[in-house]
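Note sheet for the following structure.
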2 protein chains.
Amino acid sequence: MSATLTNTGRVLLGMIAEGHATGYAIKAAIDRSTRLYWGASIGGIYPELRRLEQAELVSSRDDFRGGTRRHAYSLTSAGRAALHGWLADPSEPVLEMRHEGLLRLRFAGVLPIEEQVEVVRRMRTVHERRLSELESRLTTEEFDDPLHRLTFEFSVGWNAWARDWCLSAERSLTRRGPRAAKR
Amino acid sequence: MSATLTNTGRVLLGMIAEGHATGYAIKAAIDRSTRLYWGASIGGIYPELRRLEQAELVSSRDDFRGGTRRHAYSLTSAGRAALHGWLADPSEPVLEMRHEGLLRLRFAGVLPIEEQVEVVRRMRTVHERRLSELESRLTTEEFDDPLHRLTFEFSVGWNAWARDWCLSAERSLTRRGPRAAKR
DNA sequence: GTTGCCATGTAAATGGTTACATGATTGG
DNA sequence: CCAATCATGTAACCATTTACATGGCAAC
């Protein structure tokens with residue numbers, strides 16, 4: 001039974017397809033790329049790899065590096081099929097966001113207007129920090145895969161857009177003026 | 001002890017501050033506004049309300065509507081202080097995304113180029129669907145609170161930006177041409 | 001009289017993060 | 001020889017989602 005492939009499992013399949021063979025290497029690859037829009041933490045990766053192996057979507061061979069035993073995973077044909085099936089799946093993909101900065105702004109009405117602007121400013125710095133980190137990586141890192149680069153650029157663009165939105169929100173809040181307090 | 005205020009708890013405080021008194025009404029208000037950037041589901045709301053009450057951040061009085069008992073919550077002064085403290089908190093706010101469309105695109109390299117474009121197209125329709133839903137609500141619904149409107153407009157803008165990004169990604173993938181297959 | 005909404009609640013399962021533990025290898 | 005990195009793993013915990021269950025009220 002192909003049964004239930006978890007979302008973390010799908011990332012693993014994709015990463016293994018790209019040639020990242022060990023749990024450790026996969027984790028590093030996730031941190032370099034999908035973490036921005038789909039995270040996975042090390043504590044969940046190893047058990048999930050074993051589950052995938054049990055489901056026969058991946059196979060592993062022991063690969064000794066000196067005395068260190070590591071598991072080198074590769075896709076089975078069922079795994080390749082599962083990956084393709086997921087990519088071509090016409091069902092609505094998950095899209096959700098947890099944006100505490102926006103959430104704070106949503107409730108900032110209880111604060112005086114100057115502090116409301118501060119809330120947006122702090123929201124902006126989050127996006128700016130992300131943006132400058134990503135932009136510097138864009139120049140220093142190599143992007144082997146064109147789709148890795150493309151999705152990376154999505155993150156750059158979205159953070160830039162959000163920063164600009166914050167700037168314009170700050171202006172519109174300030175324009176309302178420090179004395180035009182919300183009731 | 002003010003101790004640990006969970007993120008769901010914070011949304012509840014904010015909603016109660018706005019005058020949404022019952023768990024049910026709070027849930028409805030969340031669905032109308034913060035769901036886009038901070039969800040909470042009904043199963044978690046009632047227990048969390050009781051936890052907040054135990055922590056003395058909110059107080060409830062029984063409010064009978066005929067034979068239906070409902071709990072009308074309001075903020076205590078400690079609750080108001082906790083809300084203000086959170087809003088003014090200079091620490092880095094949470095910002096994360098789960099974007100399956102992007103994730104699929106990240107791994108779409110295993111597919112032929114025409115199907116890669118399809119992956120982006122499906123990602124675009126997600127944003128388009130959201131966008132048209134939000135835009136229609138923008139004209140029909142009333143936005144009592146200006147910050148409710150502002151954060152709502154953020155979601156509109158972000159989905160529009162993402163749709164445009166998809167369109168340009170589709171063009172750049174198509175330009176690469178159906179014969180320039182990825183290695 | 002029945003459908004749909006208001007209203008509250010619990011239990012189980014899910015999915016994930018964090019922290020801890022271990023140990024080998026590599027490079028300075 | 002020490003620190004950093006490679007490598008795997010487990011246990012505890014956490015928040016949240018889903019499903020189920022109950023029942024009154026309002027409108028048609």
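These figures come from a predicted structure and were not determined experimentally. Computation of the quantities below employed the complete heavy-atom set of this structure, encompassing side-chain atoms and omitting hydrogens, waters and symmetry-equivalent molecules. In what follows, chains are A, B, ... by sequence order, proteins preceding strands, each numbered from 1.
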Spacing between B:Glu48 atom CD and D:dC14 atom P, to the nearest angstrom: 13 Å
Side chains of A:Tyr37 and A:Thr151: donor-acceptor distance under 3.5 Å anywhere? yes
Among C:dT10, D:dG9, D:dA15, find the nucleotide with the atom closest to the side chain of B:Arg50. C:dT10
Taking 4.0 Å as the cut-off, does a side-chain nitrogen or oxygen of B:Thr6 come that near to OP1 or OP2 on D:dC14? no
Answer with yes or no whether the side chains of A:Trp86 and B:Glu100 bring together a donor and an acceptor at under 3.5 Å. yes
May I have the distance from A:Tyr24 (atom OH) to C:dT22 (atom C1'), rounded to whole angstrom? 14 Å
Between D:dT8 atom P and A:Arg69 atom CZ, what is the distance in whole Å? 8 Å
For B:Glu53 and B:Ser60, does a side-chain donor sit closer than 3.5 Å to a side-chain acceptor? yes
Rounded to whole Å, CG of B:Leu5 lies from P of D:dA15 at a distance of 11 Å
Looking at A:Thr68, I'd like to know whether one of its side-chain N or O atoms comes within less than 4.0 Å of OP1 or OP2 on C:dG23. no
Expressed in angstrom and rounded to an integer, what is the separation of B:Asp62 atom CG from C:dC6 atom C1'? 16 Å
Mind telling me whether A:Trp158 and B:Trp158 have parallel, tilted or perpendicular rings, with 30° and 60° as the class edges? tilted
CD on A:Glu18 to CG on A:Leu147, rounded to 0.5 Å: 9.0 Å
For atom CD1 of A:Ile26 and atom C1' of D:dT8, their distance in whole Å: 13 Å
How about CD on B:Glu56, more than 12 heavy atoms from neighbouring residues, nucleotides or ligands closer than 6.0 Å, or not? no
Atom CG of B:Asn7 and atom C1' of D:dT17 are separated, to the nearest Å, by 16 Å
Quick check on the 6.0 Å ring-centre criterion: do B:Phe154 and B:Trp161 meet it? no
B:Glu96 CD to C:dG16 P: how many Å, rounded? 11 Å
Does B:Arg51 reach a base, just sugar-phosphate, or nothing at all? Heavy atoms under 4.0 Å. nothing
Output the residues of residues 30-47 of chain A in contact with DNA chain D, where contact means a heavy atom of the residue under 4.0 Å from an atom of the strand; sort by number or write none. A:Gly43, A:Tyr46
